[in-house]
Asker: 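So that we are looking at the same thing, I have put the structure below in structure tokens.
Just so you know, ligand 1 is whichever comes first in the structure, and atom 1 is the first atom listed for that ligand.
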Amino acid sequence: MKILVVGSGGREHAIALKLKENPAVEEIFAAPGNGGMAAFCTNVGVKATDVEGMVAFAKEAGVDFAVVTPDDPLVLGMADAMEAAGIPAFGPSKAAAVIEGSKVFSKNLMKKYGIPTAKYETFDDEAAAVAYLKAQNVYPAVVKADGLALGKGVIIAKNEQEAVDAVHSMMSDRVFGESGSHVVIEEYLEGPEVSVLSFTDGQTLVPMISSKDHKRALDNDEGLNTGGMGTIAPNPYYTPEIAKRCMEEIFLPTMAAMNAEGRTFKGCLYFGLMITRDGPKVIEYNCRFGDPETQVVLPLLKSDLLTIFQAVRDGRLSEVPVEFSDESAACVIMASGGYPQKYRTGYEISGLDGMGQAEGVTVYHAGTKLEGGKFFTSGGRVLGVTAVGKDRAEALAKSYAAVEKISFADAHYRRDIGRIR
Ligand code: AMP
Ligand code: GLY
């Protein structure tokens, strides 16, 4: 089989590597891919958001199955476009991807179907939003742009001034473009965060092993929010009791709600949860695998990923095994110094073998390119150095031992991934 994986991050590297374990897979196209994927995939110069170009390539190359991974092509309807062209695809339809594409949609869905989440109001008028903030007068308050904003459209405002500024920058200055034409203002929740990715075909929902992301750039959760600086799986806060409540109060009701709305979700549905004193609540939904959550979840998956993807697409998920190992995994992101703001690229990476790998770990590439047999930095998040161990401590020790042997100019990584306070 010829498989197409759309995207270029560490998440896509992890998915492609797992798919390759199936002996039926002859060739994997990565579009656009990265340096690490180039070592075992055929990289294709089509942008992940180019729906027409991607379908044209898939037809011409005789792709048998397409995996549409990132949020933006899903929200643009790339999975539908593949199917319309006769190419079976893993990934939700455009109608279902709105669960991530619009926070106004997802908040209203949760309210309508009684799914626990932070209390909120939505606004399409700046003066009304400011009046609401002043009337509420509770801080911190959380201000969110409606649409996709590369994970940056969320501002936790500590006081009225910060909240009013956030609303103004989103609604008037349009710092997140059209995403800011509507905003959500919601209650600030406290508690540990848990990421749960799940497979669902609209009839069955199977949660994957839980994970914990570390989103801030610096140690002790200081610095700016990033796409994620490291992950561990499983998440120690996700007890069997919490898992049971999540299944009953959140996961299955969300699947049913999407069906009731005529927006059946087939693909990977990501639940961003906060375990509050009043129980688990939804912080956000994503219509896709998380990055870098995937880099710790898939190494622990014992079942065949392609078989699961095909079953999800065909609506027979209940017929296939989805089993996880009882070990632990840890991923430490090595980033370009300055990320998530300004950083330089083009530095040679040392400490990797010809496949872009290192001993004792799996190195998932993100912002890298392969040139003349050497790997160079080409983005903010560069590598996700991932290890599996009998417990979290062993996985972290292996991962950090490898990180210390890999280097490039200005490299930055957190030293406290997996530390539980
Ligand atoms: P999101 O893009 O919705 O995942 O938000 C990014 C991050 O902002 C989350 O991972 C949380 O750490 C934080 N956040 C979002 N909403 C809330 C909330 N209502 N209360 C507290 N923190 C939040
Ligand atoms: N790591 C957070 C996300 O993928 O949205």
Asker: Are F271 and F251 close enough that their ring centers fall under 6.0 Å?
Answerer: yes

Asker: Between N225 and ligand 1, is there a nitrogen or oxygen pair with a distance under 3.5 Å?
Answerer: no

Asker: Regarding atom 15 (C) of ligand 1: of the candidates M274, K144, E190, E284, which has the closest heavy atom?
Answerer: K144

Asker: When you measure from atom 23 (C) of ligand 1 to each heavy atom in N286, L189, I185, I156, which option holds the nearest one?
Answerer: I156

Asker: For Y188, take its heavy atoms, then give the atoms of ligand 1 lying under 4.0 Å from any of them.
Answerer: 20 (N), 21 (C)

Asker: For E186, is there an ion pair with K144 - N to carboxylate O distance below 4.0 angstrom?
Answerer: yes

Asker: Applying the side-chain contact (heavy atoms from CB on, under 4.5 Å) test to L383, which of I333, N34, I349 qualifies?
Answerer: I349

Asker: Is it possible for you to check whether R263 lies under 6.0 Å from the centre of the six-membered ring of F265, through NZ or CZ, and within 45° of that ring's axis?
Answerer: no

Asker: Can you sort out which atoms of ligand 1 are near E186, meaning under 4.0 Å from one of its heavy atoms?
Answerer: 16 (N), 17 (C), 18 (C), 19 (N)

Asker: Give the atom numbers and elements of ligand 1 that come within less than 4.0 Å of a heavy atom of V154.
Answerer: 1 (P), 2 (O), 3 (O), 5 (O), 8 (O), 15 (C)

Asker: I want to know whether H13 and F40 have ring centres closer than 6.0 Å.
Answerer: yes

Asker: Please evaluate residues F375 and H365 with respect to the criterion ring pair (Phe, Tyr, Trp, His ring centres under 6.0 Å), reporting the C-alpha separation (whole Å), side-chain torsions for both, the decisive distance (0.1 Å), and the verdict.
Answerer: CA-CA 10 Å; F375 294 95; H365 289 226; 5.0 Å; yes

Asker: Nearest 0.5 Å, please: how far is CG in L19 from CG in L306?
Answerer: 6.0 Å

Asker: List of N/O pairs, ligand 2 versus protein, all under 3.5 Å?
Answerer:
from, atom 1, to, atom 2, distance (Å)
ligand 2, 1 (N), D213, OD2, 2.8
ligand 2, 1 (N), G227, O, 3.3
ligand 2, 1 (N), D291, O, 2.9
ligand 2, 1 (N), E293, OE1, 2.8
ligand 2, 1 (N), E293, OE2, 3.3
ligand 2, 4 (O), R288, NH1, 3.1
ligand 2, 4 (O), D291, N, 3.0
ligand 2, 5 (O), N286, ND2, 3.2
ligand 2, 5 (O), R288, NH2, 2.9

